[in-house]
Each structure stands twice: as structure tokens, then as C-alpha cells.
Enquirer: 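Provided herewith is a single structure, encoded as C-alpha cells, for subsequent inquiry.
Owing to the predicted nature of the structure, the values given are computational and were not obtained by experimental measurement. In what follows, chains carry the letters A, B, and so on, assigned in the order in which the sequence lines appear, proteins first and then strands, with residues in each chain numbered from 1.
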Amino acid sequence: MNIEKKISEKIKEALQSLYGAAVEKVALEKTNPDFVGDITLVVFGFLKLSKKKPEETATEIGNYLKANVPEVADFNVIKGFLNIVVSDAFWSDYLKSIYSKPFINAALPAGAPVVMVEYSSPNTNKPLHLGHIRNNLLGFSVAEILKAAGNKVVKANLVNDRGIHICKSMLAWQKWGNGETPESTGIKGDKLVGKYYVEFDKHYKKEVETLVQQGKTKDEAEKQAPLMQEAQQMLFKWEAGDKDVKELWATMNGWVYKGFEATYKMLGVDFDKVYYESQTYLLGKSIIEEGLAKGVLKRRPDNSVYIDLTADGLDEKTLLRADGTSVYMTQDLGTAIQRAEEVKFDRLVYTVANEQDYHFKVLFLILKKLGYKWADGLYHLSYGMVELPEGKMKSREGTVVDADDLMDEMIATAAATSKELGKADGLSEAEANKLYQTIGLGALKYFMLKVDPKKKMLFNPAESIDFNGNTGPFIQFNYVRVQALLRKAKDTMSFDTSAALNAPAQLLPQEKELIIKLYNFPVVLNQAAAEYSPAIIANYVYDLAKEFSQYYHDNPILKEKPEVALFRLQLAQTVGVAIKSCMSLLGIEVPDRM
RNA sequence: GGUUUCGUAGUUCAAUGGAUAGAAUAGGGCUUUCCUAAAGCUUUGAUGGAGGUUCGAUUCCUCUCGAAACUACCA
């Protein structure tokens, strides 16, 4: 049984027995490291019941616990704080109970809640950049965390494959592409399509400029520029099913998908379901009638349809234009309803940057007003933007950090550092390359995931490539140390991982700390799942690795006499498994040597 | 203008209303006859400002200053 739970039950008993008071909930916390003890009860809240001084109250409760709870070895009182010492035997037994078992329970309970996590959702007109990396890493990691916390997870990607943006690329390619293909140029498909998107923009800007010089307003110029008109024409043709346009569209999107696939593979993310907007963009129109009938939606004289959210502190939101066409919101309503029917999710998580907070607020509210019960299970995983030291990424200033380039750079830096330190000596080229990739991507992923998703983050390329301190490679290194120990132990003392674990009667303080850290994992995992925050896992695994690093530094393991060495190895092994498991929740691999 | 979010060491990040606000990095000073020094030890240094609630506030409330995002019949 969970020790906190047991102690808090006993504290309720103590309050009943000592002061005749019934208390509903007793909150415990971890003892501050500067004091002796493992678990702390703050007694200020009970003074009204005891009618005694804080010290006296705490001592009375402490005495009761020590007498009635075998696991409570001792206690001390400082002001209103009752610090409880849990016996070494309890911690040793706990370690024994998890030794040589999977650190994370992979089996899902029957009837596990179904959670759909949508993430990535790129546009097909340009390659993925740094912002997408945060999105992809977050979405993937949150999905893994929810899985580990006992949910049946469906990862989904909604590809924005249609619209004016891709038409711009198509048009520019027709005009200036000279039949270029990824094959003929050797350029990655998504990059090639992106190149023509930029090309369009260049010519378009010139046209706008010319029109402005001729006396048009900027607004007029932007709408009337011939290139924009042509792109619009192309979109109409696409919607009308024009064969040539559809063919070009399919071809160029095909190039992009091949490029995306390579980026996703390198990034290590995957999806259970891929949706395409070309197949979903008409959804949602059908519910307009329903909404009008229910009186939730209203029609304006010009025939456009809207919902009035001013009573909720929001604005009026148009859902159908006067010409009867739908807007993005309408589409999102439709896809949500479709998924609710198709997947029957308990929760649907949208991984989308916080610039769309308003959009999702409105989306969820409309679905609730339309009477869908499942709308309560919708969640916007809103994450902050990634900024560079010089400010926001701006495509026209060329400061956009390309996802592929960034990963390549991280891997190259890992390679250079490894070679410099002679860490790759004795590895085959394939092994060495795999190692560089593991370290480079580990650094990048950890750097991005250790920050609270809700907060905007600063991406400093120089610092992200650092391998010291609170970084992915530092954590990987401590895993590697464990593996080196285990390898050596197999040779020198025929260490056998199937041997039973026998703990010493008295644990070293650092050993106890490590076991307590391991013991806390389920709480940490649940918190990470509840808050949709990989950062909580990242901070946890860093703490664990740091704690182990000090233990390793201060205490020889293999040089000790056999029974001590055996226990320390088994503890190290357990820590290694824990590190690897936590890193996998972040989508980060660990090497066996580095 | 309105709505929302955010202001913590030089910098990048932590802290269910709890004890002396933790790390990392940068700067100062050390450690290698020791299982991987991609390590460890040590030192300097912070809650934007003013009130309030509380035994206790980085955390909750009000005001204020500063930053960002959103506020389309765009996606």
C-alpha cells in the first residue's frame, strides 16, 4: 500500500483519538532536503482542533504514528512541521518489489479511456520548421505519457493539403518551374514545393508594389494583383474538380509527403490516423441547419450564419459566409463531430500553438451549445511560441530555422564532440552514426521538452547543442555509466540480473534518496498526464540522473565486497531502467555507450 | 480600445499556499594513482512595483508598470 496514503489515514485516526475531531483530508508533502525525514505534515491547520501549540500538536501526532505505524521509524518536530522518517526496511522492500520489472506498466486496463491526440497538422506548401518541431515533440510525448498513464491513445495528424497556399506553390511551379522535380534537382520534395511558395511571394510582392504605385490602396492591391487572382482561379478549379489542377496538386503534395515522411522518421514521431483536409473541408455544413433549428445559430439578412457569443464574453462568430461557403471554424466543428462518431473518444487533445487560444475557446463553446456531451472531453494543448535570441522567426527575414537543417546540425555537433573526446573509438561507422544521431537528437528533444509547454520558449542554438548540465546527453551519459557497470560486472563477478535482491539493513542516505525518487514516479507520471506536460517527466528524469551521478561519484560499486557490490549494481540497474523508460516517454533514445 | 497569457540570479529554466526561493549555464576557486572527467566539489548572484487575504504569498485578489498573442464572411 502507498505509504503516504497509509500515514494520512493514520493521521486521521490520530486526530480522532487525540482531539475527537473528524478530518476529511490530510495533505502530506515531501520533507525539505535540509531537514531529517521523508514525509512532512504541516500541522498549522489542526491547531484549532488541538487547541495546543504547533510543537505540542505535532509531537502528539508524531508519537501516535510511531506507536501505531510500523513503517514510521522516527519523527522530529520543527515549529509546525512534523517530519516523519520512514524505515529503511520499507524502502528496501519497495526496491525489491520493482527490481527487474518493467518500470512502466505497458498493459492497458480493460475499458481504458480512449484519448485522441492530434498533433503536427502541417500545411503542405512549405517544409517543417522549429515551431513544428516543438509541436511534434510535444504531441508525441504527451501521447506516450497518456499511454503510460493507462489511456488508449490514438495519435492523429490532420494535414492541411488544400487551399490557397498550396495553389500559390502550384502556380509558381507552373510559371517558373521548368518541370523541376525532386528527382531532377535532388531537392527534398517539401523543400522544392516550399521554394515555389517563396517564388510566388516574391513576384506577388512586386505586383502589389506596382499597383500601389499606381495609386491603389494596399488592401486593393493585394486583392487585385494578377498572381493572386490566378491563384484564386486555380483554387476554384480545384474545388470544381478540374482534372489538370487536381493532377498537379496530387503530384506536388506527393513530393511534400515524401519529404515530411523523412522528417518525421528522423524526428521519431508517428501517427495512427492521418486525415486530409481535402476530405474533411466540407464537413460541418450539415450541422448549420441543425444549429439554426435549435436556435443556437442565427441567420443574418444577407444569408450568412453566425453564433452570438457576446454573453460569454466573446464576439459574434460567422460560420457560413453570405455566399454559403464555410469557414475554418465550420470545418473544425465538422471534423470534431466526425471523430466523436468514428473514434468514440473520451478525450480529444488538440496540440496547437497558443496563438489559436481564442479559436479553440470558441470551437469548444459552440459544440457545447450545440448540445454534444463529449465536448467536455475536448482539450486544447496550447503551447507557447518558439523564439530565437534575435526575436520571432520571420520568413521574410530568412530567420526561419528549418527542421531538417536543425537536426542535421545537432547530429553533426554531436559527432564532432564525440570524435574530439575519442568516445566513438572502436565503433563501426554505422554504430558511430547511430550514436551521433541518438545524442544529437537527444539534446534537441530534451532541450525543447524540459520547458513547460504553456510557456513560450527561447531557442538558443548555441545552448541547445550543449551536452553539460540539465541536458539530454547528461542523462544519457548516466544511463551509459550504468550499462558500463553492468557489462563489467558480468565479466568480473559474473553478475546475474536474475539474482534476488538483498538490501543491507541500513541504506546510505543517497541510496534511500534514489529509492524514494523511484517510488515517486507514479505520482509524477499522473501529474504529467493530468497537466499534459512532458516537462514534468523531463525534470524528474534529470533529478534522478543527477542524484545517481553523485551516488556513483561518491561510492565505489565494483570494488566493494560482493554482497555490497551486488546490491549497488542492482540499484544502479533499476535506475538505468527508470532513466530509459522516462526518456522513452519523451521520445528520446539512450545509447549503451557514448 | 477589449480579451487572454507572461514578468524569478547576467542568461535559460524550477518551485499542490509552507521551513533558509531550487537547478543549469556564465563568472571566481578546486578535484584525475578513483567503475567513462560528456564527471564531481566550492563560491558569487533573483521573485518588476504598491496594496490586500493568510499563522505563512513566487503562488490567491486589486491596482500599477512592462512584454507577447488574439480580437476577419483568413487558414
Enquirer: Has the side chain of A/Thr318 got a donor or acceptor that lies under 3.5 Å from a partner of the other kind on the base of B/C73?
Expert: no

Enquirer: Looking for any heavy atom pair under 4.0 Å, which part of the strands does A/Val480 touch: base, sugar-phosphate only, or nothing?
Expert: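 Answer is base: heavy atoms of A/Val480 come under 4.0 Å of a base.
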
Enquirer: Does A/Thr492 have a side-chain nitrogen or oxygen under 4.0 Å from the phosphate oxygens OP1 or OP2 of B/C35?
Expert: no

Enquirer: Using both distances under 3.5 Å as the test, list the Watson-Crick or G-U wobble partner of B/A67, or none.
Expert: B/U5

Enquirer: Would you kindly give the CG-to-P distance between A/Asp466 and B/U25, to the nearest whole Å?
Expert: 7 Å

Enquirer: For A/Pro556, answer base if it contacts any base atom (sugar-phosphate contacts may also be present), sugar-phosphate if it contacts only those atoms, and nothing otherwise; contact means non-hydrogen atoms under 4.0 Å.
Expert: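 Answer is base: heavy atoms of A/Pro556 come under 4.0 Å of a base.
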
Enquirer: At under 4.0 Å between heavy atoms, what does A/Thr325 touch on the DNA or RNA strands: base, sugar-phosphate, or nothing?
Expert: nothing

Enquirer: Assign a letter to each nucleotide of nucleotides 7-19 of chain B from its 5' end: B, base within under 4.0 Å of a protein heavy atom; S, sugar-phosphate only; -, no contact.
Expert: S----SSS-B-BB

Enquirer: Assign A/Ser549 to base, sugar-phosphate, or nothing according to its heavy-atom contacts below 4.0 angstrom with the strands shown.
Expert: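 Counting heavy atoms under 4.0 Å across all strands, the contact made by A/Ser549 is with sugar-phosphate only.
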
Enquirer: Name the orientation class of the two ring planes belonging to A/Phe459 and A/Phe447 (parallel below 30°, tilted from 30 to 60°, perpendicular beyond 60°).
Expert: perpendicular

Enquirer: Should A/Arg593 and A/Glu431 count as an ion pair when the cut-off is N to O under 4.0 Å?
Expert: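 So A/Arg593 does not pair with A/Glu431 through a salt bridge.
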
Enquirer: Under 4.0 Å, counting only non-hydrogen atoms across every strand here, what does A/Lys546 touch: a base, just sugar-phosphate, or nothing?
Expert: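 Sugar-phosphate contact only.
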
Enquirer: Within less than 4.0 Å of OP1 or OP2 of B/A75, is there a side-chain N or O belonging to A/Gln356?
Expert: no

Enquirer: ring-ring contact (aromatic ring centres under 6.0 Å, His included) for A/Trp249 and A/Tyr276? Distances and angles first, verdict last.
Expert: CA-CA 13 Å; A/Trp249 172 76; A/Tyr276 297 92; 8.7 Å; no

Enquirer: Got a salt bridge between A/Asp201 and A/Lys205, using NZ or NE/NH1/NH2 to carboxylate O under 4.0 Å?
Expert: yes

Enquirer: Which value, rounded to the nearest 0.5 Å, describes the distance between A/Asn2 atom CG and A/Lys5 atom NZ?
Expert: 7.0 Å

Enquirer: Look at all strands and tell whether A/Tyr552 reaches a base, only sugar-phosphate, or nothing, counting heavy atoms closer than 4.0 Å.
Expert: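 Result for A/Tyr552 = base.
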
Enquirer: What nucleotide among B/A23, B/U36, B/C74 has an atom nearest to a side-chain atom of A/Arg593?
Expert: B/U36

Enquirer: Could you check A/Leu485 against A/Leu421 and say which one's nearest nucleotide on RNA chain B is further toward the 5' end?
Expert: A/Leu485

Enquirer: Closest to the A/His359 side chain: B/G40, B/C35, B/A75?
Expert: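 Nearest to the side chain of A/His359 among the choices is B/A75.
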
Enquirer: Look at the side-chain N and O atoms of A/Arg568 and state whether any lies under 4.0 Å from the OP1 or OP2 oxygen of B/C35.
Expert: no

Enquirer: Cation-pi between A/Arg481 and A/Phe548: NZ/CZ under 6.0 Å from ring centre and within 45° of the ring axis?
Expert: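 No; the conditions do not both hold, so A/Arg481 does not lie above the ring face of A/Phe548.
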
Enquirer: With sugar-phosphate meaning primed atoms plus P, OP1 and OP2, does A/Ile439 contact a base, only sugar-phosphate, or nothing at under 4.0 Å between heavy atoms?
Expert: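 Touches a base.
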
Enquirer: Regarding A/Asn478, tell me which of base, sugar-phosphate or nothing describes its non-hydrogen contacts under 4.0 Å with the strands shown.
Expert: nothing

Enquirer: Using a 4.0 Å heavy-atom cut-off across all strands, classify A/Phe467 as base, sugar-phosphate, or nothing.
Expert: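 It contacts base atoms.
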
Enquirer: Closer to the 5' end of RNA chain B via nearest nucleotide, is it A/Asp543 or A/Gln331?
Expert: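 Of the two residues, A/Asp543 wins.
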
Enquirer: Hey, does A/Asn555 reach any base, or is it just sugar-phosphate, or nothing, if we go heavy atoms under 4.0 Å?
Expert: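 Contact class for A/Asn555: base.
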
Enquirer: Under 30°, 30 to 60°, or over 60°: which ring-plane class applies to A/Tyr540 and A/Phe521, parallel, tilted or perpendicular?
Expert: tilted

Enquirer: OP1 or OP2 of B/U36 sitting under 4.0 Å from any side-chain N/O of A/Lys488?
Expert: yes

Enquirer: Within the structure shown, what part of the strands sits under 4.0 Å from A/Asp315 by heavy-atom distance: base, sugar-phosphate, or nothing?
Expert: sugar-phosphate

Enquirer: Would A/Glu239 and A/Arg162 pass as an ion pair if we require N to O under 4.0 Å?
Expert: yes

Enquirer: Tell me which nucleotide among B/U4, B/U36, B/C73 gets nearest to the side chain of A/Phe477.
Expert: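 Ranking B/U4, B/U36, B/C73 by closest atom to the A/Phe477 side chain puts B/U36 first.
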
